[in-house]
Number of protein chains: 2
Amino acid sequence: MNGPMQRRTTIKDVAEAAGVGVATVSRVLSGGSASAQTRERVLAAAARLDYHPSALGRNLRRQRTGGIGLLIPDITDAFYAKLTDGVLSCARSYGEPVTVGVTGDDPEREAELIGALIEQSMDRVIAVPSRDGETAGETWAPALRAGLNVVFADRRVRADVPSVVADDAAGVLTAMEYLIGLGHRKIAFLARHGQSRRVAAFTDALTSLGVPADRGLVVHARASRDSAYAAVAGLLQNRPDVTALLAGGNVLGEAAVLAARELDVRIPKDVSLIMFDDVPWAELCSPPLTVVARPAQDLGYRAAELALRQGRRPRTVALPTELVVRASCGPRSR
Amino acid sequence: MNGPMQRRTTIKDVAEAAGVGVATVSRVLSGGSASAQTRERVLAAAARLDYHPSALGRNLRRQRTGGIGLLIPDITDAFYAKLTDGVLSCARSYGEPVTVGVTGDDPEREAELIGALIEQSMDRVIAVPSRDGETAGETWAPALRAGLNVVFADRRVRADVPSVVADDAAGVLTAMEYLIGLGHRKIAFLARHGQSRRVAAFTDALTSLGVPADRGLVVHARASRDSAYAAVAGLLQNRPDVTALLAGGNVLGEAAVLAARELDVRIPKDVSLIMFDDVPWAELCSPPLTVVARPAQDLGYRAAELALRQGRRPRTVALPTELVVRASCGPRSR
DNA sequence: AACTATGATGGAATCGTTTCCATGAACGGT
DNA sequence: ACCGTTCATGGAAACGATTCCATCATAGTT
């Protein structure tokens, strides 16, 4: 019904119109050598016919799809949205399209998506691998075998894959210094499953600062809002002795604020709260939240850079975090 | 250094291994007819060689790239992030990859991205077109000419393109009914540039409810946080007579809360505030914000459905909004 | 028993591009 | 004037899949 669907104009049409061979057209269009006269004729013909080269043909010949695959746990999470923004902005400056997939932190879905990427002959992937490494070996083996250029972001789960991460340990340490300086001793850490590295940093920081670590004060939750809320509420009810909380992500932090409000625990009067990730609402919250800011956008940008630059060797870069002090922490009161 | 980069296994390898022709392999793998015996042999060979068909080859032959292009103004905006999530979730159930681009609400960047999509031979696009239509004609003409299957989301700027939008007018009307019921008369609307449809709905709602519309009470801002803040602050300082605000998006709402706090205007005591879009932080805010919730995720899902179903005709679907009353509105006090 | 209908099968063309290679012209040096 | 070098140029071969078409065998019909 759409009228005679016109055939796409191909390089052959241009060659014919310009009276040259297809090879010459290809050369001119991709900056090869040609006489000024032919170059002009070809360019004119291409413009006249509104010719756009087909990425399909090119990629098939070149044996690679340009473009970047991006795998993240949850696009709805402000942190990953920002990271995605960083990747997109870098990719744009290289003119590379980005294909996004959400894994939901599920290794199985992750594996599926990797398969799809390979099928698409994508040759560059940036991923926030699901969990902290337990299954990463097998999950990512096919991708590496297929010759994909993989860069991990936010988490580092294999030594042989370059990674761009935030310096979580330093962030945790600063936060602990701050809380301990305020007199807190019973500090709990709300962790997402798989944040083993951060948990380790937490206990290390505490012991290095002379505070005995209490294993019961590390509680785990899945990435969902429900799970986070349940974990926080449980902690708050079971351990009235905790006076400070470190939330390992903005979803956890959100849950903490909500649960505290529900249980009539006041922040910062009853418990102090520090949250990972500086999201817009941290400032709008009541009280405004003190946060460990990670450079989400930069993380994505640098990862994309690493993926796009080809002459790089497996190196992992760690970006600094920053403690943004607002009003959710106070001196110990009980 | 990576060892001898193994050549990808092709359909030819499988054919050879199974002792059949390539045509047969293709047929078996795409569900065509074949004898049980050959089918088994081919499948076994494919599995043994770990064969994955190349999307490149297939697409070139089929003259189309599967997959969906998604163009949104800003992935960092919680509303668009959710919409994106909806698109991804629908696409996943069809096994289609999604390529995301951000336009920044800039028609020029939009046009660039459309060009890239065409070059990729994408045949399905979901887009939140930049602005409200002024330039949409020319911007989208090449895409339609190239035979792309375009679906607009969130905004409807061309009658010949199916669109999935929220019923903004109804949302605005309900909000106005609520505010006027609380006694407010001087109500301002903070609009993003290009929300002409919503502005019209705003004035219509006011007049239909018997309140004279004041053109000075509609202020415009660009999509950025800075611009939004400036617009709100200006309004609050110039028009101390306004007693209620309707913010046309979550970025505007954020700016409103921030500016009000800065200028010592208390919500809801001094001015009432209703914001478009129910974002997680609306509940965490102080006070919790009353919002016009649009079904962001559904919008994306339905748009993707429309784009993927082929036997559809240009129709636009409008999804209902919901007024979620929290604590940011009170009776008129001055 | 001959002939047709049916179904499985493989060869080859095709999609649009890049790139290798051969060809021929122009040019400069001896 | 001859030869070697350089350079522009076009033909043709990939790349990996799908699909048309011809071929052949087998089963079914008269």
Side-chain angles (χ1 to χ4, degrees), chain A residues 5-43 45-46 49-67 116-123 146-147, chain B residues 5-43 45-46 49-67 116-123 146-147:
Chain A
M5 178 71 85
Q6 59 195 346
R7 197 176 53 77
R8 184 190 183 107
T9 59
T10 75
I11 199 173
K12 214 169 162 185
D13 300 324
V14 178
E16 207 163 318
V20 299
V22 288
T24 305
V25 176
S26 174
R27 245 164 311 178
V28 168
L29 262 31
S30 48
S33 69
S35 77
Q37 185 193 346
T38 18
R39 155 163 288 117
E40 196 188 339
R41 291 232 313 271
V42 169
L43 257 25
L49 298 181
D50 189 34
Y51 168 69
H52 294 268
S54 151
L56 247 47
R58 174 179 15 249
N59 291 337
L60 177 57
R61 173 62 218 239
R62 290 244 190 98
Q63 286 289 72
R64 37 158 293 230
T65 299
L117 253 31
I118 295 180
E119 193 163 315
Q120 303 283 325
S121 302
M122 287 262 164
D123 46 6
Chain B
M5 176 71 83
Q6 58 195 346
R7 197 176 52 77
R8 185 192 182 106
T9 59
T10 76
I11 198 173
K12 215 171 159 183
D13 300 324
V14 177
E16 206 163 318
V20 299
V22 288
T24 305
V25 176
S26 174
R27 244 166 316 188
V28 168
L29 260 32
S30 47
S33 67
S35 76
Q37 185 193 344
T38 23
R39 154 163 289 118
E40 195 187 340
R41 290 232 313 271
V42 169
L43 257 26
L49 297 181
D50 189 33
Y51 168 69
H52 296 268
S54 151
L56 247 45
R58 176 185 6 252
N59 292 338
L60 177 57
R61 173 62 218 240
R62 290 245 188 96
Q63 288 288 70
R64 39 160 290 230
T65 300
L117 254 31
I118 295 180
E119 193 164 316
Q120 303 284 324
S121 304
M122 288 262 164
D123 45 8

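Sequence lines set the chain letters: A, B, ... in the order given, protein chains first and strands last, and positions in each chain run from 1.
Between the CD1 atom of Ile11(A) and the CZ atom of Arg58(A) there is a distance of 9.5 Å, given to the nearest 0.5 Å. Taking OG1 of Thr38(A) as the reference point, atom CG of Leu43(A) lies at 10.5 Å (rounded to 0.5 Å). Between atom CD of residue Gln63(A) and atom CG of residue Leu56(B) there is a gap of 8.0 Å, rounded to the nearest 0.5 Å. One distance of note links OG of Ser121(A) with CZ of Arg64(A); it measures 11.0 Å at 0.5 Å rounding.
Among residues at least two apart or in separate chains, there is no salt bridge (charged side-chain N to carboxylate O under 4.0 Å, His left out) pair with a member in residues 32-42 of chain A. Counting only residues at least two apart or on different chains, the salt bridge (charged side-chain N to carboxylate O under 4.0 Å, His left out) pairs with a member in residues 10-25 of chain B are Arg7(B)-Asp13(B).
Remark: Leu60(A) in residues 52-60 of chain A come within less than 4.0 Å of DNA chain D through at least one heavy atom.
A straight line from CZ of Arg41(A) to C1' of dA8(D) spans 13 Å, rounded to a whole angstrom. Here the C1' atom of nucleotide dG16(D) and the CZ atom of Arg62(B) are 13 Å apart, to the nearest Å. What separates CG of Leu29(B) from P of dT18(D) is a distance of 8 Å, to the nearest Å. Atom CD in Gln120(A) sits roughly 14 Å away from atom C1' in dA17(D) (whole-Å rounding). Remark: P of dT18(D) and CZ of Arg64(B) are 12 Å apart, rounded to the nearest angstrom.
Taking both residues in full, the closest heavy atoms of Leu49(B) and Ala17(B) are given as CD1-CB, 3.9 Å, listed atom of the first, atom of the second, then distance. Considering every non-hydrogen atom in both Thr10(A) and Tyr51(A), the closest pair reads C-CE1, 3.5 Å. Between Ala34(A) and Val28(A) the shortest heavy-atom distance is CB-CG2, 3.8 Å.
Arg8(B) places a side-chain N or O within donor-acceptor distance of the main-chain N or O of His52(B), the cut-off being under 3.5 Å.
Scanning for side chain to side chain donor-acceptor pair (under 3.5 Å) contacts around Thr65(B) gives an empty result, with sequence neighbours left out.
A sub-4.0 Å separation between OP1 or OP2 of dT19(D) and a side-chain N or O of Ser26(B) is absent.
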Would you list the protein and nucleotides 10-14 of chain D atom pairs, both N or O, that sit under 3.5 Å from each other?
{"from": "dG10(D)", "atom 1": "OP2", "to": "Gly21(A)", "atom 2": "N", "distance (Å)": "3.0"}
{"from": "dG10(D)", "atom 1": "OP2", "to": "Thr24(A)", "atom 2": "OG1", "distance (Å)": "2.5"}
{"from": "dG10(D)", "atom 1": "O5'", "to": "Gly21(A)", "atom 2": "N", "distance (Å)": "3.4"}
{"from": "dG10(D)", "atom 1": "N7", "to": "Arg27(A)", "atom 2": "NH2", "distance (Å)": "2.8"}
{"from": "dA14(D)", "atom 1": "N3", "to": "Arg61(A)", "atom 2": "NH1", "distance (Å)": "3.3"}

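Note that the first and last nucleotides of DNA chain C, 5' to 3', having any atom under 4.0 angstrom from a heavy atom of chain A are dG16(C) to dT19(C).
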